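A quick write-up on the structure given underneath.
Treat the numbers as computed from the prediction; the structure is a model and nothing was measured. Per chain, numbering begins at 1; letters A, B, ... match sequence-line order.
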Amino acid sequence: MKQPLLASFFGKGGMAKAKTSKPADSEKPTNDSSSKSSGDDDSAVVNDMDVDKQAAKAEDEPELDVGKLDIKSNSSSDKPATGTKRRIVDSDDDGSATEFSDKEDTGSATDPSDAEEEQEAAAAAAASAASKKKKRAAKPALKKAKGAPVKVKKAEPITLIDTKEGKKIPFLALCKVFEAIEATTKRLEITALIRDFFVQVMDIDKEELTDAVMLCIAKVAPDHEGIELGIGESILLKSIASATGRQIQKVKQEHQALGDLGVVVERGKSNQNTMFKPKPLSISKVFHTFREIATTSGSSSIQKKTGLITGLLGACTNVESKYLIRSLEGRLRIGLAESTVQTALAHAARIRENDGDSDSLAPEDFLQATENLKQVLSEFPVYTHVIDSIYKYGINDIANHCTLTPTLPVKPMLAKIEKAADDILRRFEGKPFTCEFKYDGERSQIHYVADGDETQCVIFSRNAENNTAKYPDIASSVKEFAGPNVKSFILDCEAVAWDKINGKIRSFQTLSSRKRKVENEAEITVGVCCFAFDLLYLNGEALIRMPLRKRRELLREHFVPVQNKFQFAISKDLTEVEDIQEFLELSIEENCEGLMIKTLDGSTSSYEPSKRSMNWLKLKKDYVDGLGDSLDLVVIGAYFGKGKRVGAYGAYLLACYDPDREEYQAICKIGTGFSDADLESHKEKLDESRISAPKPYYAFSEKTKPDIWFAPTVVWEVKAADLSLSPIYQAAYGEIDPSKGVSLRFPRFIRIRDDKTPEMATSSTQVAEMYESQKINH
DNA sequence: GTCGGTGCGGGAC
DNA sequence: GTCGGACGAATTCGG
DNA sequence: CCGAATTCGTCCGACGTCCCGCACCGAC
C-alpha cells in the first residue's frame, strides 16, 4: 500500500501599554497582612470588600444476524456517536460461539459487503509489519486518512466475548478494539468503538467492566489512593529483553529506532516462534496483575515486577503485548484518553438502560448521560463506586448517590490561556469579573471535617494526589484560619513558599525542595503560606453550583487571614482594559505569575470542572508577544523523537555562548513550539551540519548528552517563563553559584534567527543577568 | 552489614 | 507546564 | 436562503526543568 510520506502541514495580538493616565483612584489592592502591616485580622481585609480587596471481531459470528450486524458507525449520524447499532443478542446459545484465536481471524469475520474496508484495515495492520522500513507509515494520522476518506468505516463487530457463565473476557478483545481505535483519528468513531465494547461487557459483569475501564484510562487506582505502577522505561526494557530472549542493549537500540516500546515487543515476539499457545489472558487477569505490580515494593521489588511483566508477556499474542506495554507506560497513545472513555461509558450505560437499543435515543439523551457522568466523576473520582451506582440507580440518577464529599478530591477547575488583556473584555462582554493574582506555588485543596472532637484534614494536589503528609503545618493551622462556626470545608488554595522573616514570597524552585513526607513539623525547612481563592464546600453543603461572588463572600466571611500562614489571594474587580493591564504589571511586581480572570455571576461562574473544562482565564506576561524572557540560542544537538515524532527529532539541545571562554554552554533542551513542518525542515537543515562527536568547546553534562551532535550554525529564538538554577546545565556556570549553571523554565521555540551567527547568540553573561534580574532571587 | 552515590519513577510546574 | 494538529460544532460568508 | 468556508472549542499527545523518595550497587 502506498503510505504517504510524512504529511506536512501549514499553518501558523499585542497588548496595549496602558500606563496612561488612569484613574488610579482607590483600589490599591492591599494584601493586608502580607508584608508589614499585617493587621491580620479581618478587619482591614474583609471590610473593604467592596473595593475589592484581597484578596474484533469473532471468527464468525454464528448467532448474529448479519443484517443487523453491520452497522455503520457514525458517519452520517446526526446523533453523536449513536451510529453504530449492533445487536448482539446471542448469548443464549452456548457461548462457544465466539471462540477466538489469535491468528488472523480478522478478515473472515465480517460481512462480505465490506470487504473493501476490511482490506483497508488489514492493510493498515499489515502495513506495520510489511512496510516496517518506513516507520512513518505507522503514524496513525496518515494511516487511514488517505485511504478511504470518503467512506466511513463501519464499526466492526468485535465479539471475542464469550458470554458463558464464568468465562472471563479476553484481553485480546479489548486489544482488538484498541487496534481499531488506533487506526482512526475520528473522534466520533473512537467513541463508538469503545462504547460498543462497553455495552457488551456491561451485560456480562460489573467487575470486568470496571477493570476494562481502568485499563482504558491506564490507571491502576484512583489518583488519591497513591497506588502507582512504579514501572518505567528501564524496567520495561529489562522485561522485554527477558521475554523475547534478547540482550537489553539490542532492545534499547530498537527502541531508539522505533520510538515505541510497544512496537518493539510486538516485533520481538513475532520473531519468536512459539511452540505452544499460551492460555489466553483475560482482562481481569491483566488488571489484577497490574495491581500486584503496583503494590510490590521493598528490596528486590524490581526483580519481582520484572518477573510479573515477563509472565504477562509470555501469555500475550503480538497485539496484546503491544498494548500491554503501552499500558504499563501509562499511556495507550491511541487517541483515547480519559475524557473520551467517560463519554463512551455514559453512552454505553444509556444504551443498556434502553435495552440495548440506541436508535430510539435522542442526542440529548446521550448528552445528558455524559454530562451526568462527567460531573459525578469530577466530584467523586472513584470508578468502582460510580460504576456500581450506575448499575444500582441508572446513569441518570447517579448524581444523587455520588456527591461531593470532603476527604475525596474534587477535580480542580482549570484556566484557559489568554494572550491579551483586550480579549478578556470581549470574552466577558459586560459581565462583571474579577482578577486575582496567580501565585507561583502548588495548587492545594484543603479538606476538613470535624465530627465532635474528631477532626480530619486532608490536602490534595492539583492532580488529586494526597499531599497531607507534605503539609502537616497547614493541617495544624486549620483552626487558626477557619472561623469558629466552621465544621467542615473544602478550600481551593495555592501553597506558596514563604519567607516569614521578610514576609515575602519565595520561588517555586524553593517550594519544590520541600520534603514530601514530613514526619515532624519541626524539621520543615521551607515554610509555606496558603493563598485561598475559592471555597467549594462549607458545613455540610456543597457550594460549587453557587456563583463565584457568593462563594467568595462565604470564604471571606468564614475564614481569617493568619500572618505567614493563610491569606486571601489578592483580587480586584475590574472593567477597563487599562486597569487589567496595570494590575497585571502589579502582580508581576509582586512576584506572581500573572492574573486569573473569572466571571462573578451567573451560571458560568459556578465551579463546574467537567462541564466546561476551563471557565477561567489566565493571563501571564510571557504569553504576550514581545514581553517575557526571550533568548537567541545555538542548536548543538538533537534527540530522536518518540511516538508521533518518530522519524523526526523530538527535541534539541541548545546552548548560549561564552565569548570569554570561547565555548558554547548547554542551557536547555527544547521540544515544543514546532509545527510539523518545522520539525521536518529543521531536521533537514541541521543534518547538514551533523558531526560525529561534540566540539571540544561544548560545555555539557553527560546527563543531557544528545543522540546527534551538530556544529554550531543555527540560532533560534526561544521564549521562557523564568530562569532557574540548574544542577545539570552549564550556562553561566559559576557566575551565580559555584557549582550550578542556569536553565530555562518552560522553553519553547519561537522562530529561526537567520540574521544571527552563533557568536551573536545570547551570551552567558546576559543569561546570568537575566537570572539576577528576577527579583525573587533577591 | 552499613553508607553514600546513582539512576529511575513520578509528581509539581 | 507549552504547544500544534485533528475533529466536530458553530458561525459567517457568498452566491 | 442554503451550502460552503471559516472560526472556535475540545481533546490528545508530543515535549521542557527540577525535585524528592526509593531501590540498587559498590566501597568500605
> Is any side-chain N or O of Gln509(A) closer than 4.0 Å to OP1 or OP2 of dC19(D)?
Replying inline: yes
> Residues two or more places apart in sequence or in another chain: which of them pass side chain to side chain contact (heavy atoms under 4.5 Å, CB included) with Ala464(A)?
Replying inline: Asp223(A), Pro409(A)
> Are side-chain N/O atoms of Ser739(A) and Asp737(A) paired as donor and acceptor at under 3.5 Å?
Replying inline: yes
>> Can you list everything that forms a ring pair (Phe, Tyr, Trp, His ring centres under 6.0 Å) with Trp716(A)? Sequence neighbours excluded, please.
In response: Tyr652(A), Phe674(A), His682(A), Phe749(A)
>> Distance check needed: dC11(D) P versus Lys416(A) NZ, whole Å only.
In response: 10 Å
>> Taking ring pair (Phe, Tyr, Trp, His ring centres under 6.0 Å) as the definition, give me every residue that meets it alongside Tyr771(A), ordered by chain and number, with sequence neighbours left out.
In response: none
> For dC3(C), does either OP1 or OP2 sit under 4.0 Å from a side-chain N or O belonging to Arg748(A)?
Replying inline: yes
> Between Ile667(A) and Leu631(A), is a side chain to side chain contact (heavy atoms under 4.5 Å, CB included) present by the stated rule, with each step listed?
Replying inline: CA-CA 11 Å; Ile667(A) 185 169; Leu631(A) 299 85; 4.3 Å; yes
> The side chain of Ser726(A) lies closest to which of these nucleotides: dG9(D), dC3(C), dC18(D)?
Replying inline: dC18(D)
> Distance between the C1' atoms of dC8(B) and dC3(C), in whole angstroms?
Replying inline: 27 Å
> Closer than 4.0 Å, any side-chain N/O of Arg514(A) to the OP1 or OP2 of dC19(D)?
Replying inline: no
>> If you only use heavy atoms from C-beta on, which nucleotide in dC3(C), dC18(D), dG5(C) is closest to the side chain of Pro727(A)?
In response: dC18(D)
> Any side-chain donor paired with an acceptor under 3.5 Å for Ser701(A) and Thr704(A)?
Replying inline: no
> How is Leu511(A) classified with respect to the nucleic acid when contacts are heavy atoms under 4.0 Å: base, sugar-phosphate, or nothing?
Replying inline: nothing
>> Starting the side chain at C-beta, find the nucleotide from dC15(D), dC18(D), dC7(C) nearest to Arg645(A).
In response: dC15(D)
> Could you state the CG-P distance from Asp423(A) to dT7(D), rounded to the nearest angstrom?
Replying inline: 15 Å
> Atom CG of Leu723(A) and atom P of dG16(D): how far apart are they, to the nearest Å?
Replying inline: 18 Å
>> Return whichever of Arg331(A) or Gly298(A) has its heavy-atom-nearest nucleotide of DNA chain D closer to the 5' end.
In response: Arg331(A)
>> Near DNA chain D, counting only heavy atoms under 4.0 Å, which residues of residues 334-345 of chain A show up?
In response: Ile334(A), Gly335(A), Leu336(A), Ala337(A), Ser339(A), Thr340(A)
> salt bridge (Lys or Arg N to Asp or Glu O under 4.0 Å) with Arg748(A): which of Asp678(A), Asp629(A), Asp622(A)?
Replying inline: Asp622(A)
> Whole Å only: how far is the CD1 atom of Ile417(A) from the P atom of dC3(C)?
Replying inline: 6 Å
> Is Lys419(A) salt-bridged to Asp625(A), cutoff N-O under 4.0 Å?
Replying inline: no
> Closest heavy-atom contact between Lys683(A) and Ala648(A)?
Replying inline: CD-CA, 4.0 Å
>> Nearest to the side chain of Lys517(A), heavy atoms from C-beta on, is which of dG21(D), dG4(C), dC18(D)?
In response: dG21(D)
>> What's Tyr623(A) touching, base or sugar-phosphate or nothing? Going by heavy atoms closer than 4.0 Å.
In response: sugar-phosphate
> For Ser299(A) and dA23(D), is the shortest distance between a side-chain N/O and OP1 or OP2 below 4.0 Å?
Replying inline: no
>> What is the separation between atom CD1 on Ile728(A) and atom P on dG16(D), rounded to the nearest whole Å?
In response: 11 Å
> Would you say dG9(D) has OP1 or OP2 under 4.0 Å from some side-chain N or O of Arg427(A)?
Replying inline: yes
>> Of the listed nucleotides (dT17(D), dG16(D), dG9(D)), which one gets closest to any side-chain atom of Ser724(A)?
In response: dT17(D)
> For Thr672(A) and dA14(D), is the shortest distance between a side-chain N/O and OP1 or OP2 below 4.0 Å?
Replying inline: no
>> Both Gly650(A) and Val518(A) contact DNA chain D. Which one's nearest nucleotide lies toward the 5' end?
In response: Gly650(A)
> Mind checking what makes side chain to side chain donor-acceptor pair (under 3.5 Å) contact with Ser339(A), not counting sequence neighbours?
Replying inline: Lys374(A)
> Is the distance from OP1 or OP2 of dG13(D) to the nearest side-chain N or O of Lys644(A) less than 4.0 Å?
Replying inline: no
> Which pair of heavy atoms, one from Ala344(A) and one from Ile194(A), lies closest together, and at what distance?
Replying inline: CB-CG2, 3.0 Å
>> Give me the atom names and distance for the closest heavy-atom approach of Pro706(A) to Ala638(A).
In response: CB-O, 3.4 Å
Review item, nucleotides 1-3 of chain B N/O atoms under 3.5 Å of protein N/O:
none

> Nucleotide by nucleotide, 5' to 3', does protein get under 4.0 Å of the base (B), only the sugar-phosphate (S), or neither (-) in nucleotides 4-13 of chain B, counting heavy atoms?
Replying inline: ----SSBSSB
>> With each end axis built from five pairs of C1' atoms, what bend angle do you get for the helix from dG1(B)-dC28(D) to dC13(B)-dG16(D)? Round to 10°.
In response: 0°
> In whole Å, what is the span from the CD1 atom of Ile667(A) to the C1' atom of dC18(D)?
Replying inline: 15 Å
>> Between C1' on dT17(D) and CG on Leu653(A), what's the gap in Å once rounded to a whole number?
In response: 13 Å
>> What contact category does Gly330(A) fall into here, base, sugar-phosphate, or nothing, at under 4.0 angstrom with non-hydrogen atoms?
In response: nothing
> Distance only, no hydrogens: is a donor on one side chain within 3.5 Å (strictly under) of an acceptor on the other, for Asp722(A) and Gln509(A)?
Replying inline: no
Look for any protein N or O under 3.5 Å of an N or O in nucleotides 25-27 of chain D and output each such pair with its distance, or none.
none

> In whole angstrom, what separates Leu332(A)'s CG from dA14(D)'s C1'?
Replying inline: 16 Å
> Only one of Arg326(A), Lys644(A), Arg333(A) clears salt bridge (Lys or Arg N to Asp or Glu O under 4.0 Å) with Glu182(A); which?
Replying inline: Arg326(A)
>> Using a 4.0 Å heavy-atom cut-off, does Lys515(A) contact any base of the nucleic acid, only the sugar-phosphate backbone, or nothing at all?
In response: sugar-phosphate
>> Please find the pair of heavy atoms, one from Leu511(A) and one from Ala495(A), that lie closest to each other, and give the distance.
In response: CD2-O, 3.5 Å
>> Tell me every residue that passes ring pair (Phe, Tyr, Trp, His ring centres under 6.0 Å) with His255(A), counting only those two or more places apart in sequence or in another chain.
In response: none
> Does Lys374(A) put a side-chain nitrogen or oxygen below 4.0 Å from OP1 or OP2 of dC11(D)?
Replying inline: yes
> In chain order, what residues pass the salt bridge (charged side-chain N to carboxylate O under 4.0 Å, His left out) check against Lys618(A), with sequence neighbours excluded?
Replying inline: none
> Lys438(A) and Leu595(A): side chain to side chain contact (heavy atoms under 4.5 Å, CB included), yes or no, with the steps?
Replying inline: CA-CA 5 Å; Lys438(A) 182 179 191 310; Leu595(A) 300 178; 5.8 Å; no
Review item, side-chain donor-acceptor pairs of residues 224-242 of chain A, under 3.5 Å, at least two apart:
{"unit_1": "Glu233(A)", "atom_1": "OE1", "unit_2": "Lys642(A)", "atom_2": "NZ", "d": "3.2"}
{"unit_1": "Ser239(A)", "atom_1": "OG", "unit_2": "Ile235(A)", "atom_2": "O", "d": "2.8"}
{"unit_1": "Ser242(A)", "atom_1": "OG", "unit_2": "Thr310(A)", "atom_2": "OG1", "d": "3.3"}

